[in-house]
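Here the structure comes first, spelled out in C-alpha cells, and everything after it is commentary.
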Protein chains: 2
Amino acid sequence: MSNCEQCIVRQFNSLKSLTKDELIRISGCKTSKTIKKGQLIFDEGENVNGVYCIREGICKLTKLSANGRDQIVKLVVKGDLMGQRSLVSEEVTNLSATALSEMEVCFIPKHEIMKDLQGNSNFSLDVLQHMAKDLREADNVIVNMAQKSVRQRLAEALLYIHRTFGTTDEGMLRVILSREDYANIVGTATESIIRILSQFKKDDLITTKGKQIKIEDLEALGRIE
Amino acid sequence: MSNCEQCIVRQFNSLKSLTKDELIRISGCKTSKTIKKGQLIFDEGENVNGVYCIREGICKLTKLSANGRDQIVKLVVKGDLMGQRSLVSEEVTNLSATALSEMEVCFIPKHEIMKDLQGNSNFSLDVLQHMAKDLREADNVIVNMAQKSVRQRLAEALLYIHRTFGTTDEGMLRVILSREDYANIVGTATESIIRILSQFKKDDLITTKGKQIKIEDLEALGRIE
DNA sequence: TTTAAAATATGATATTTGTCATAGTTTAAG
DNA sequence: CTTAAACTATGACAAATATCATATTTTAAA
C-alpha cells in the first residue's frame, strides 16, 4: 500500500506544504488508480469532487470549442496536481482530461483537501502560488495565440515539449502526440501541422520516425519567423 | 479620508472576507491615488509591491509580444483587485496596466496583504477562488483565440464589453476603446478591425459615433460565423 | 500474418487575414 | 477657432491558412 508521506512525487507539488499528520490522513483516504492510454479521466461539465496527484504518465487537458474541435489547454505530467481549480471554485470542471500514456494517479476526495486548504495557510498559499503561475503561463499562451503564426506556434510547441518533458535515449521527444493533437495545441487544421512538419524536415530542423519526433536544431527552431 | 470599512467597492472583491480589525489596519496603511486617462500604472517587469483596489474607472492589462505589439489580456474595472498574482508569486509583474479612463485607486502595500493571506484562511480562499475563476476565463480566451476567426473574436469582444461593462443612456458601450485597442484584444491588425466594424455597420449590427459604438442587434452579433 | 482502419502526406484551390499606400475625419493642443 | 497629430477608412495586392480530394503509410485488430 503506497504512502503519501514517503511518496517522491509529492515534492513537486503543493502537497509538500502539508504537515506529517495531514499527510497521514490524506494517505488514509486517497485511492490509487491505473489509467490506460487514451482513457478519459474526467469530462467537461463533470463534478470532479477531488484532486488527482499524478504519480506516473502524461495527460492532456482539453476544452471543446463551439466549432466542435478540442483545444489542448495544458499538458499535465508526473508530479502535477489536477482538479484544484474546480475544487476551489465549487463548480463543475471546464476541462476534460485524457491520458496520453499509461498513468498512475492518486485521487484525494474534495472535503479532505478542503480541510487542509482552510486549516493550513502554508498549503493554501502554495496552491495559490501554483495557480498564479498557471495564470501567468496562460497569459503567455494567449499572447502567442493572438500574435504569432501557426508556424511559430508549432515551433514553440515542439520546443516547449522538448524543454518540459525531455527526450528518450535516442533523442526523440518523450511525449508522443498525434498530428491532430499538435493541431489541437496550436489551434489549426491537422493538414497544416503535417505540412509544416514536412517543411521542418526539409529544412533539417527535425526528423521523424512514425509518430516520434526528434529536434535536430533547437536554435534554428527557436528562430522560426 | 476614505475608510475601507465603509467602502462599497470592497463588496465586489476578496477584501470582503477580511475582518473588521483587518480592514481598519488596511485602511490605515493604504494610499489613495487619482490616475489620468492613458497613464501607465505599472509596467511589465516592475515590482508592483502591493495590490490595487479600483474605486473608479477602467484600465487594461497588456503584455508585449515578441513582434512588438501589445496584447490586451484583461480589462479591470471598479470593484476589481489588481496585482494579486505577482504579489503571491513573489515575482515581477508579467503585465502592464494602463488607465483607459480617469481612475481612483487605493494601493495596499504587499506585506500588509500578505499578513492577511497567511492569517485569514477565509481571505486566502476567496483570493484563490477569484484566481481559479480568472484561470477558467483564460482557458476560454485561449480556445477562442485558437479556434475562431478574427470576425468572430471581434463580435465576442463587443458582446463581452456590452455584457460586462454595460451601456450609457444612449445605448453606447460604456468602455470606449480605440480601433487599435480592439485589435490588441482580438490579436489582429488595426485595419482588419476597421474593415470588420465597417461590415458590421453595413449589416446593421452596430452603429458608431466617433469612437463610440452601439450594438444594435445583440442576437445577430452572437450568431456571427 | 493479413487486413481494415486510422493516421500521415500532398496537391489544388478558396478564403481569410496582413501589409502597404493613400485619403478623409476626429480630437485635442495652442 | 485653427491646425497638427492621431485616428479611421478603404483599395490593391500579398501571404498565410483552411478546405476538399486523394494517395500512401502506419497501426492495431482479427
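Hydrogens, waters and symmetry mates play no part in the numbers below; they use all other heavy atoms, side chains included. In the text below, chain A, chain B and the rest are named by the order of the sequence lines, each starting its count at 1.
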Practice task
For B/Lys209, answer base if it contacts any base atom (sugar-phosphate contacts may also be present), sugar-phosphate if it contacts only those atoms, and nothing otherwise; contact means non-hydrogen atoms under 4.0 Å.
Solution key: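 The residue B/Lys209 makes no contact with any strand.
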Practice task
Using a 4.0 Å heavy-atom cut-off across all strands, classify A/Thr190 as base, sugar-phosphate, or nothing.
Solution key: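 It contacts nothing in the nucleic acid.
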In whole Å, what is the span from the [atom1] atom of [X] to the [atom2] atom of [N]?
X: A/Ile196; N: C/dT8; atom1: CD1; atom2: P; value: 15 Å
X: A/Ile194; N: C/dT10; atom1: CD1; atom2: P; value: 9 Å
X: A/Met145; N: C/dT17; atom1: CE; atom2: P; value: 16 Å
X: A/Phe200; N: C/dA9; atom1: CZ; atom2: P; value: 14 Å
X: A/Gln199; N: C/dA9; atom1: CD; atom2: C1'; value: 14 Å
X: B/Arg153; N: C/dT17; atom1: CZ; atom2: P; value: 7 Å
X: A/Gln152; N: C/dG18; atom1: CD; atom2: C1'; value: 14 Å
X: B/Ile193; N: C/dG18; atom1: CD1; atom2: P; value: 9 Å

Handout entry: Nearest-neighbour nucleotide for the B/Thr188 side chain, C/dT10, C/dT8, C/dG18 considered
Key =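 Shortest atom-to-atom distance from the side chain points to C/dG18.
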Handout entry: Pair of N/O donor and acceptor under 3.5 Å linking C/dT19 base with B/Arg195 side chain
Key =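 By the distance-only test, yes, there is a pair.
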Practice task
Take A/Thr208 and A/Phe200, measure what side chain to side chain contact (heavy atoms under 4.5 Å, CB included) needs, and give me the verdict at the end.
Solution key: CA-CA 10 Å; A/Thr208 64; A/Phe200 284 175; over 6 Å; no
Handout entry: Distance below 4.0 Å between A/Ser198 side-chain N/O and C/dT10 OP1 or OP2
Key =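 Checking C/dT10 against A/Ser198, a side-chain N or O does come within under 4.0 Å of OP1 or OP2.
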Problem - Pair A/Glu90 + A/Lys110, salt bridge at N-O below 4.0 Å - result: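 The answer is yes: the pair qualifies as a salt bridge.
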Problem - Heavy-atom check, side chain of A/Thr62 versus side chain of A/Leu95, under 4.5 Å - result: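 The answer is no; the side chains never approach within 4.5 Å.
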Practice task
Please check if any side-chain donor atom of A/Gln152 sits under 3.5 Å from a side-chain acceptor atom of A/Glu225, or the reverse.
Solution key: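 Absent: no donor and acceptor within the cut-off.
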Exercise for the section: Go through DNA chain D in 5' to 3' direction and return only the first and the last nucleotide with some atom under 4.0 Å of chain A's heavy atoms. Expected result: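 Result: D/dT17 to D/dC20.
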Just list the side-chain donor-acceptor pairs under 3.5 Å for residues 75-88 of chain B, sequence neighbours left out, or say none.
| from | atom 1 | to | atom 2 | distance (Å) |
| --- | --- | --- | --- | --- |
| B/Asp80 | OD2 | B/Val77 | N | 3.0 |
| B/Arg85 | NH1 | A/Asp139 | OD2 | 2.9 |

Handout entry: Residue list, salt bridge (Lys or Arg N to Asp or Glu O under 4.0 Å) with B/Glu44, at least two apart or on another chain
Key =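 With sequence neighbours excluded, B/Glu44 shows a salt bridge (Lys or Arg N to Asp or Glu O under 4.0 Å) to B/Lys63, given in chain and number order.
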Exercise for the section: To the nearest 0.5 Å, tell me how far A/Leu218 CG sits from A/Glu216 CD. Expected result: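 Between A/Leu218 CG and A/Glu216 CD, I get 10.0 Å after rounding to 0.5 Å.
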Practice task
Select from A/Lys211 and A/Gly187 the residue whose nearest nucleotide in DNA chain D is closer to the 5' end of that strand.
Solution key: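 In this pair, the answer is A/Gly187.
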Problem - Position toward the 5' end of DNA chain C (nearest nucleotide), A/Ala146 or A/Leu197 - result: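 Nearest nucleotide further toward 5': that of A/Leu197.
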